[in-house]
Novice: 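Please see the structure below; I have some questions.
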Amino acid sequence: MEDRYGHRISYLRVSITDRCNERCNYCMPRELQEWLPRDEILSYEETLRLIRIAADLGVTKVRVTGGEPLTRRNVVDFVREIPKIPGIASLGISTNGTLLTREIAPGQTMAAALRSAGVQSINVSLDTLDQHLYAQITGRDFHAQVLEGIEAAIQAGFDQIKLNTVLMRGRNDDQLVPLTEFAGSRNLILRFIEMMPVSTTEVLSDENFLPIADAKRTIEKRFGDLIPEPSFRTNGPATYYQIPGREQRIGFIGAMTNLHFCESCNKLRLTCDGKLRPCLGSYLEFDIMKPLRAGASDDELRRFFIGVVDRKPEQHDFRNNYQPDRKMIAIGG
Ligand code: SAM
Ligand code: SF4
């Protein structure tokens, strides 16, 4: 699938729940805390059918997200089916890490079960190494569990583990160097993410917005000039650098300040309530649950996907006083 601007769509991010066991204030502001009713959520079978259709159309990579995907029942049984779909070559999951150590079979952690179900890469959110700050940001006291979860993921032997840190001026600026050391000592890829006006615009003010350029400066002050690695890409829009004198690689995701951010976009999103979204930073969304539940054929659903891709905007709207219409947690970050 290719859109009008030459974006080739090969990557589907699939949100399987809008629920979460944390309350990160940039993602789920207090006034937005209510869940979708269960019958408005796609079943696993419905979701797998849509992934199959997307794979028919050239999607090769799937990332499962949420909300917190690991809070949904039988998630391991669901993800096990994804690599079996012809054409799907890469499977990842994004998680807050709190449930990775949960024992889901005798002697088997959630992390190990996901790995043996065919998940190749795992992204864990970690904004700070400070337990108190972690509780302030996420609204929950799960810091120790997350650190244990990261160790469980390392033990499980994923091909790639990334840590994602949302940048917040005045909150975690002093955490950037400790987080870099933490990631380096465990051979993990750390990525710094600019805060975006998803969920609500209130969380994003001039006072708390920390651009990736500032974060890069902080890192360079401590480690020296970062070495660009333009040829290194994962599936997303991050730009990567090597830390001088180290094997370590870090990434920056600057949706707000990088004006070329959207040029290489290869992504489509499926929300847990069956909406296809061609862009995170756009109001456009298309209800594929309706035709799906009304008995549409595979061919009709394929045409629906193609129509959505055809409407994909050239770039996101975040810089144009964007007022979010849907909380991040219900889109799938
Ligand atoms: N619950 C999982 C987690 O926290 O990783 C997966 C879903 S979460 C919505 C996916 C990613 O979106 C996380 O890395 C989170 O930090 C990021 N995120 C949420 N709200 C954001 C915002 N307003 N700006 C930038 N990133 C955000
Ligand atoms: Fe939950 Fe992830 Fe959103 Fe935090 S960022 S509230 S962990 S979905």
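When a ligand or atom number is given, it counts from 1 through the structure's own listing order.
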Novice: Number the atoms of ligand 2 from 1 as they appear, then name those within less than 4.0 Å of a heavy atom of Asn96, with their elements.
Specialist: 7 (S)
Novice: Count I, L, V, M, F, W, Y as connected when their side-chain heavy atoms are under 4.5 Å apart, and connections chain through other members. Are Val177 and Ile250 then in the same cluster?
Specialist: yes
Novice: Is the shortest distance from a Lys or Arg side-chain nitrogen in Glu68 or Arg19 to a carboxylate oxygen in the other one below 4.0 Å?
Specialist: no
Novice: Output yes when the distance from some N or O of ligand 1 to some N or O of Met196 is under 3.5 Å, and no in every other case.
Specialist: yes
Novice: Determine all donor-acceptor pairs shorter than 3.5 Å in which one atom belongs to a side chain in residues 143-152; sequence neighbours excluded.
Specialist:
unit_1, atom_1, unit_2, atom_2, d
His143, NE2, Thr128, O, 3.0
Glu151, OE2, Arg186, NE, 2.7

Novice: So if I count the atoms of ligand 1 from 1 in the order they appear, which ones are less than 4.0 Å from some heavy atom of Val166?
Specialist: 16 (O), 26 (N)
Novice: Which atoms from ligand 1 have a heavy atom of Glu68 less than 4.0 Å away?
Specialist: 1 (N), 2 (C)
Novice: Any ion pair linking Asp287 and Lys290 (charged N to carboxylate O, less than 4.0 Å)?
Specialist: no
Novice: For ligand 1, which atoms sit closer than 4.0 Å to a heavy atom of Glu194?
Specialist: 25 (C)
Novice: Taking only residues two or more places apart in sequence, or in another chain, which ones meet Asp298 in a side-chain contact (heavy atoms from CB on, under 4.5 Å)?
Specialist: Arg49, Ile53, Arg302
Novice: With distance as the sole criterion, is a donor-acceptor pair present between the side chains of Asn164 and Arg191 under 3.5 Å?
Specialist: yes
Novice: Atoms of ligand 1 less than 4.0 Å from Thr65 heavy atoms?
Specialist: 6 (C), 7 (C)
Novice: Only heavy atoms of Thr95, strictly under 4.0 Å: list the atoms of ligand 1 that pass.
Specialist: 2 (C), 3 (C), 5 (O)
Novice: Going by the atom numbers of ligand 1, which of them fall below 4.0 Å from some non-hydrogen atom of Asn164?
Specialist: 14 (O)
Novice: Can you name the atoms of ligand 1, numbered from 1 with element, that are less than 4.0 Å from a heavy atom of Gly67?
Specialist: 1 (N), 2 (C), 6 (C), 7 (C)
Novice: Does Cys20 come within less than 4.0 Å of ligand 1, judged by its heavy atoms?
Specialist: no
Novice: Near Cys24, which atoms of ligand 2 are under 4.0 Å from a heavy atom of that residue?
Specialist: 4 (Fe), 5 (S), 6 (S), 7 (S)
Novice: Quick check: does Cys20 have an N/O/S atom under 2.8 Å of atom 1 (Fe) of ligand 2?
Specialist: yes
Novice: What atoms of ligand 1 come closer than 4.0 angstrom to any heavy atom of Ser125?
Specialist: 3 (C), 4 (O), 5 (O), 13 (C), 14 (O), 16 (O)
Novice: Can any side-chain N or O of Arg169 pair as donor or acceptor with the backbone N or O of Asp173 at less than 3.5 Å?
Specialist: no
Novice: With the side chain counted from C-beta on, respond yes when Ile88 and Pro83 share a heavy-atom pair under 4.5 Å apart, and no when they do not.
Specialist: no
Novice: Less than 4.0 angstrom from a charged side-chain N to a carboxylate O is my criterion; do Asp56 and Arg52 meet it?
Specialist: no
Novice: Which atoms of ligand 2 are found less than 4.0 Å from any heavy atom of Gly67?
Specialist: 8 (S)
